[in-house]
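Structure first, then comments.
Values below: all heavy atoms of this structure, side chains included; hydrogens, waters and symmetry mates excluded.
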Protein chains: 2
Amino acid sequence: MLTIGKLGTSTGVKVPTIRYYEQIGLLPEAERSAGNQRLYTHKAHERLAFIRHARELGFSLEAIRDLLSLSDDPDQPCAAADAIAKAQLAEVESRLARLTALKTELERMVVQCAGDRISDCRVIEVLGDHSLCVTNHPTIGDAGQ
Amino acid sequence: MLTIGKLGTSTGVKVPTIRYYEQIGLLPEAERSAGNQRLYTHKAHERLAFIRHARELGFSLEAIRDLLSLSDDPDQPCAAADAIAKAQLAEVESRLARLTALKTELERMVVQCAGDRISDCRVIEVLGDHSLCVTNHPTIGDAGQ
DNA sequence: CTTGAACCTATAGTTGCTAGAGGACGTAGA
DNA sequence: TCTACGTCCTCTAGCAACTATAGGTTCAAG
């Protein structure tokens with residue numbers, strides 16, 4: 001049986017984060033010692049490691065909740081888990097594409113400044129005039145409330 | 001003079017977001033019509049377009065606040081603006097590197113499932129066992145409160 | 001002159017934590 | 001046995017950057 005601190009160090013998840021996961025129901029309520037301190041089994045360690053790994057891969061807590069409930073029921077078809085992972089992959093690919101475009105633009109912006117005064121500054125200039133921008137970005141909002 | 005709705009559609013920023021930017025002081029308080037509705041000048045449109053463009057490039061509102069105060073004062077040296085942009089570029093490059101690694105791993109995960117039951121599901125398997133993972137991720141937490 | 005879209009304020013909710021206050025527990029040494 | 005210190009407990013509030021909701025006003029078209 002591990003204390004919350006040991007569980008934290010062994011999984012690489014901060015103590016308040018573990019309590020938070022319990023609070024939102026991602027982890028079951030832990031057993032308690034005589035003095036009311038949480039005690040964790042090997043199973044809990046595995047579950048938390050799963051969560052942590054999925055978080056590293058960018059899965060939302062909601063997606064992880066779904067994956068956990070799938071893995072709790074190993075006779076189910078695996079299509080649902082696959083779909084979640086594929087959605088995640090699509091997300092990552094789209095973020096990747098956008099970031100690559102941003103990187104290009106930032107590089108152009110930063111290469112050098114024409115002058116040494118703000119009035120000649122390429123950074124400010126590019127940011128102020130979208131038409132200087134090569135890339136196509138999605139809209140931030142769609143206006144109208 | 002534009003209403004907030006027109007300003008929103010013309011810049012691609014949602015109406016509540018514009019009000020939010022005013023509230024946190026990124027945009028100056030707008031003039032009001034007789035009926036207390038906000039009215040925007042061309043200057044405000046430019047400023048909001050600048051903000052929006054910078055947000056698209058991933059700059060934080062704090063960074064944008066700094067850039068705006070720099071551009072309000074065009075005789076200052078441009079080094080500070082350059083530094084902000086360079087920091088942003090470094091950020092983007094680091095996110096890009098991590099995302100690329102994640103993509104590889106997700107692809108491996110998704111390629112196909114060995115079986116059609118969860119118990120054989122590669123997605124669940126990979127997430128449950130970090131040692132199946134090739135890439136090096138940063139820790140989510142450093143444990144201990 | 002009425003309808004309905006667009007506006008107003010104010011407050012609360014979102015995601016995924018993190019930080020702080022104020023106190024109890026647990027263990028090692030004096 | 002005492003005491004000190006690290007770890008634990010609960011609870012509440014805060015972070016970014018918005019988004020949503022409630023309940024009311026204004027404005028332009030028909």
### Query
Is it true that B:Glu29 and B:Arg38 have a side-chain N and a carboxylate O under 4.0 angstrom from each other?
no

### Task
Verify the contact: side-chain N or O of A:Lys14 to OP1 or OP2 of C:dC17, cut-off strictly under 4.0 Å; return yes or no.
no

### Task
Using a strict cut-off of less than 4.0 Å between a Lys/Arg side-chain nitrogen and an Asp/Glu carboxylate oxygen, indicate whether B:Glu46 and B:Lys43 qualify as a salt bridge.
no

### Query
Can a side chain N or O of A:Ser33 be found less than 4.0 Å away from OP1 or OP2 on C:dG26?
yes

### Query
For A:Arg65 and C:dG16, what is the distance between atoms CZ and C1' respectively, to the nearest whole Å?
12 Å

### Query
Taking CD from A:Glu22 and C1' from C:dC17, how many angstroms apart are they, rounded to a whole number?
16 Å

#### Entry: B:Ser10 and B:His45: CA distance, side-chain angles, deciding distance, side-chain hydrogen bond (donor to acceptor under 3.5 Å, both in side chains) verdict
CA-CA 8 Å; B:Ser10 70; B:His45 181 278; 3.2 Å; yes

### Message
Tell me whether the side-chain N/O atoms of A:Arg38 come closer than 4.0 Å to OP1 or OP2 in D:dC9.
### Response
yes

### Task
Return the nearest nucleotide to the side chain of B:Gln37; candidates are C:dC7, D:dC8, D:dA17.
C:dC7

### Query
What is the distance, rounded to the nearest whole Å, between atom CD1 of A:Ile24 and atom P of C:dT18?
13 Å

### Task
Please report, rounded to the nearest Å, how far the C1' atom of C:dG13 is from the CD atom of A:Glu62.
15 Å

### Task
Could you tell me whether the phosphate oxygens of C:dA6, OP1 or OP2, come under 4.0 Å of any side-chain nitrogen or oxygen in B:Thr3?
no

### Message
On DNA chain D, compare the nucleotides closest to B:Ala34 and A:Gln23; which residue's is nearer the 5' end?
### Response
A:Gln23

### Query
When the distance from OH of B:Tyr20 to C1' of C:dA10 is rounded to whole Å, what number comes out?
16 Å

### Task
Return no unless some side-chain N or O of A:Tyr21 is found under 4.0 Å from OP1 or OP2 of C:dC17.
yes

### Query
Taking CG from B:Leu2 and C1' from C:dA6, how many angstroms apart are they, rounded to a whole number?
15 Å

### Query
Between C:dT18, D:dC9, D:dC18, which one does the side chain of A:Pro16 approach most closely?
C:dT18

### Message
From C-beta outward on B:Thr17, which listed nucleotide comes closest to its side chain: D:dC9, C:dC17, D:dT19?
### Response
D:dT19

### Task
Check every strand shown and say whether A:Ile4 touches a base, only sugar-phosphate, or nothing at a heavy-atom separation below 4.0 Å.
sugar-phosphate

### Between P of D:dC8 and CD of A:Glu31, the distance in whole Å
17 Å

### Query
When hydrophobic residues are tied together by side-chain contacts of less than 4.5 Å, even through go-betweens, does A:Ile24 share a cluster with A:Tyr40?
yes

### Task
Return the nearest nucleotide to the side chain of A:Ser60; candidates are C:dC7, C:dG16, D:dA17.
C:dG16

### Task
Assign each of B:Phe59 and A:Asn36 to its nearest nucleotide of DNA chain D by heavy atoms, then name whichever residue's nucleotide is nearer the 5' end.
A:Asn36

#### Entry: Closest nucleotide among C:dT18, D:dT19, D:dC9 to the A:Arg19 side chain
D:dC9

#### Entry: Minimum-distance pair of heavy atoms, taken over all atoms of B:Ala63 and B:Ile84
CB-CG2, 4.1 Å

### Query
B:Arg32 side chain N/O closer than 4.0 Å to the phosphate oxygens (OP1, OP2) of C:dT9?
yes

### Task
Could you tell me whether A:Arg19 and A:Glu22 have a side-chain N and a carboxylate O separated by less than 4.0 Å?
no

### Query
Separation of B:Leu7 atom CG from C:dA6 atom P, in whole Å?
15 Å

